[in-house]
Amino acid sequence: MSSAASRPASAPFGPGHTDDLMSFLAASPSPYHAVANAAERLEKAGFRRVEETAAWDGTSGGKFVTRGGAIIAWYVPEGAAPHTPYRIVGAHTDSPNLRVKPRPDMGNQGWRQIAVEIYGGTLLNTWLDRDLGLAGRLTLRDGSHRLVNVDRPLLRVPQLAIHLDRSANDGLKLDRQRHMQPVWGTGEVREGDLVEFVADEAGVDAEDIAGWDLMVHAVDAPAYLGRDRELVAGPRMDNLLSVHAAVAALTAVAGRDDLPYIPVLAAFDHEENGSEADTGAQGPLLGTVLERSVYARGGGYEDRARAFAGTVCLSSDTGHAVHPNYAERHDPTHHPRVNGGPILKVNVNQRYATDGTGRAIFAAACEKAGVPWQSFVSSNDMPCGTTIGPITAARHGITTVDIGVAILSMHSARELCGAEDPYLLANALVAFLEG
């Protein structure tokens, strides 16, 4: 690992960044917690919250907007013209998991259970026989929200013993409705039990709860792994690893008034199920914030068009490191490795938004930061995933580049990355935002 003394000026982060990432992951069991933690870090760095319903002014400095599980933050340098382009780091706050249904209290054969729905493309087997907590957002009758986090063993999805399924090791088949409902006790099922429980945990009256967005999470803490601790195991790296790096990079460049661009963090919710939400990348939130910033600084439509034409977005999301047990699933000439630096994602069918221009922009940022980087492309016989990158490029007409950190066990309840890659990514993002 490189020392702080040997890092370029545009590479302010070292191994301590990875320690901080692990704390961020543990403290962010839901998109709402991730946004709250990001907002707290921004406020400590001098950013101020602005409300969407309020009039915005054209003052310089750091500002941010939150909406549910999404957050947009930006820093306006002193004297920035209305047509000043943006440099955006895009990411998402949600991860595949199990989410509580509207009528959660259920049970069978003397077991009390919680009814859950599968969110996103999660690896179902990774939630079996694991100690699970419960977290999310409560909506009260007065319209306010309260975060709740039961970060201790509360739930469990018990797997069927091999004695009762001798073929389990030949190919486990899980029914998403029948086999994934967690247990949380024994006895008679009583409607309202879960709401009363979370109300008590949140310190509110159950009668005041009008709605909820609750989800389960693995309670085992992030940890270094390996003989030399060169790996990190933890939950929700897809994609809180990128959110954390983007917050760190934005706060690192904030306060500089010589920036040729306005640096932006755009962290969306609901990427894992298509981004079609008011807090998703397909929604209007990012475009509205950028436009309002232009207009607040006295600009008009022409300034908005000029700003967008010069804007670049790095869509930062995790990608696939080469798997030692399944190397044949990867393109034979593209084998991204952990601790090899961030990856540039390419797909000619625009599942990723990267083109040659984007490659040059990303390569220049990595070179400036002294950060190695790798290329990722899917094997031709495997379907390619996608990100917020193509959505952002198409919706806003801005140059977008897909990048990220290579990990294993993507969409598992517990994923795996290299210990160096989080701070290598953050350093590359700083250089990108600096222009």
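Scope of the values below: all heavy atoms of this structure, side chains included, with no hydrogens, waters or symmetry mates.
- Look at Glu43 and Arg48 and you find no salt bridge, because none of the NZ, NE, NH1 or NH2 atoms lies under 4.0 Å from a carboxylate O.
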- Message: With side chain to side chain contact (heavy atoms under 4.5 Å, CB included) as the criterion, how do His92 and Thr387 come out once you've worked through the C-alpha distance, each side chain's angles and the decisive distance to 0.1 Å?
- Response: CA-CA 9 Å; His92 67 89; Thr387 68; over 6 Å; no

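- Applying the 6.0 Å contact sphere to CZ of Arg41 captures more than 12 heavy atoms from other residues, nucleotides or ligands.
- The closest donor-acceptor contact from the side chain of Thr18 to the backbone of Ala419 lies under 3.5 Å.
- Counting all heavy atoms, side chain and backbone alike, Leu194 lies closest to Pro104 at CD2-CB, 3.6 Å.
- For the atom pair CG of Leu250 and CG of Leu265, the computed distance is 6.0 Å after rounding to the nearest 0.5 Å.
- The number of heavy-atom neighbours closer than 6.0 Å to CD of Glu367, taken from other residues, nucleotides and ligands shown, is 12 or below.
- In this structure, the ring of Trp184 has its center less than 6.0 angstrom from the ring center of Phe197.
- Between the side chain of Thr93 and the backbone N or O of Gly69, at least one donor-acceptor pair lies under 3.5 Å.
- Salt bridge absent: Lys173 and Asp165 never bring a charged side-chain N and a carboxylate O closer than 4.0 Å.
- In this structure, Asn380 places its CG atom where only 12 or fewer heavy-atom neighbours from other residues, nucleotides or ligands lie under 6.0 Å away.
- Checked for salt-bridge contact, Asp129 and Arg156 meet the test: a charged N lies under 4.0 Å from a carboxylate O.
- Under 4.0 Å is where a charged nitrogen must lie from a carboxylate oxygen, and between Glu201 and Arg146 no such pair does.
- With a 4.5 Å cut-off on side-chain heavy atoms, Leu128 and Leu174 count as touching.
- For the pair Leu285 and Glu52, the minimum side-chain heavy-atom distance is below 4.5 Å.
- Looking only at side-chain heavy atoms (C-beta outward), Lys101 and Val116 stay at 4.5 Å or farther from each other.
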- Could you walk me through whether Leu132 and His217 pass side chain to side chain contact (heavy atoms under 4.5 Å, CB included), step by step? CA-CA 5 Å; Leu132 304 172; His217 65 276; over 6 Å; no

- Check the pair Trp212, Thr139 against side chain to side chain donor-acceptor pair (under 3.5 Å), reporting the backbone distance first and the verdict last. CA-CA 6 Å; Trp212 56 84; Thr139 302; over 6 Å; no

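- The pair Arg176-Glu117 fails the salt-bridge criterion, with no side-chain N (NZ, NE, NH1 or NH2) lying under 4.0 Å from an Asp/Glu carboxylate O.
- Each of Leu433, Val294, Val289 was scored for a side-chain contact (heavy atoms from CB on, under 4.5 Å) with Tyr86, with one residue passing: Val294.
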- Determine, step by step, whether Ser379 and Asp331 satisfy the side chain to side chain donor-acceptor pair (under 3.5 Å) criterion, reporting the C-alpha distance in whole Å, the side-chain angles of both residues, the deciding distance to 0.1 Å, and the verdict. CA-CA 4 Å; Ser379 176; Asp331 182 83; 5.2 Å; no

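- A distance of 7.5 Å separates CG of Leu286 from SG of Cys313, quoted to the nearest 0.5 Å.
- Under the 4.5 Å side-chain criterion, counting only non-hydrogen atoms from C-beta, Trp74 is in contact with Ser293.
- No donor-acceptor contact under 3.5 angstrom links the side chains of Asp402 and Thr354, judged on distance only.
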- Going through the checks in order, is the side chain to side chain donor-acceptor pair (under 3.5 Å) test met by His335 and Gln374? CA-CA 9 Å; His335 281 179; Gln374 312 173 78; over 6 Å; no

- Item | His145 and Leu138: CA distance, side-chain angles, deciding distance, side chain to side chain contact (heavy atoms under 4.5 Å, CB included) verdict | CA-CA 6 Å; His145 297 105; Leu138 304 176; over 6 Å; no

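- Using cut-offs of 30° and 60° for the angle between ring planes, the Phe13 and His17 rings count as tilted.
- Around the CH2 atom of Trp56, the shell of radius 6.0 Å holds more than 12 heavy atoms that belong to other residues, nucleotides or ligands.
- Minimum interatomic distance between Cys417 and Ile407 (heavy atoms only, all atoms of both residues): CB-CG2, 3.7 Å.
- One N or O on the side chain of Thr386 and one on the backbone of Arg351 form a donor-acceptor pair closer than 3.5 Å.
- Panel note: side chain Glu415, backbone Met410; no donor-acceptor pair is recorded below 3.5 Å.
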- Chi angles and distances behind the side chain to side chain contact (heavy atoms under 4.5 Å, CB included) call for Val312, Ile88: CA-CA 6 Å; Val312 181; Ile88 306 168; over 6 Å; no

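- The environment of CZ in Arg190 is crowded: more than 12 heavy-atom neighbours from other residues, nucleotides or ligands sit within 6.0 Å.
- Put simply, the side chain of Tyr75 reaches to within 4.5 Å of the side chain of Phe47, judged on heavy atoms.
- The pair Asp208-Arg141 does not count as a salt bridge, with every side-chain nitrogen at least 4.0 angstrom from each carboxylate oxygen.
- By the 4.5 Å heavy-atom criterion applied to side chains, Arg87 and Ile262 are not counted as neighbours.
- A donor-acceptor contact closer than 3.5 angstrom is absent between the side chains of His270 and Gln282.
- The closest donor-acceptor contact from the side chain of Ser409 to the backbone of Leu416 lies at 3.5 Å or more, if one exists at all.
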- Evaluate the criterion side chain to side chain donor-acceptor pair (under 3.5 Å) for residue pair Tyr224 and Asp19; output intermediate values, then yes/no. CA-CA 9 Å; Tyr224 285 103; Asp19 295 334; 2.5 Å; yes

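- Between Cys366 atom SG and Phe432 atom CZ the span is 11.0 Å, to the nearest 0.5 Å.
- In this structure, the side chains of Phe308 and Glu291 come closer than 4.5 Å at one or more pairs of heavy atoms.
- Ring pair His244/Phe24 is tilted by interplanar angle, where 30° to 60° counts as tilted.
- The main-chain N or O of Asp238 is found under 3.5 Å from a side-chain atom of Ser95 such that the two form a donor-acceptor pair.
- Stacking of Arg49 on the aromatic ring of Phe64 is not recorded, the 6.0 Å distance cut-off and the 45° axial limit not both being met.
- More than 12 heavy-atom neighbours from other residues, nucleotides or ligands sit within 6.0 angstrom of CD on Glu328.
- Closest approach of Ile209 to Ala199, counting heavy atoms only: CD1-CB, 3.6 Å.
- Considering CZ of Arg130 and CG of Asp220, their distance stands at 5.0 Å, rounded to 0.5 Å.
- Taking CG from Leu240 and CG from Leu25, the interatomic distance works out to 6.0 Å, rounded to the nearest 0.5 Å.
- Between the side chain of Ser144 and the backbone N or O of Leu140 there is no donor-acceptor pair closer than 3.5 Å.
- Between the CD1 atom of Ile403 and the CG atom of Leu425 there is a distance of 5.5 Å, given to the nearest 0.5 Å.
- Using modelled atom types, no side-chain atom of Arg99 and backbone atom of Val216 make a donor-acceptor pair closer than 3.5 Å.
- Between the Asn239 side chain and the Ser316 main chain, a donor and an acceptor come within less than 3.5 Å of each other.
- Smallest separation of non-hydrogen atoms from Asp317 and Lys345: O-NZ, 3.1 Å.
- Listed for the Lys63 side chain is no donor-acceptor partner under 3.5 Å among the backbone atoms of Ile72.
- Residues Asp421 and Val232 fail the side-chain proximity criterion, which asks for heavy atoms closer than 4.5 Å.
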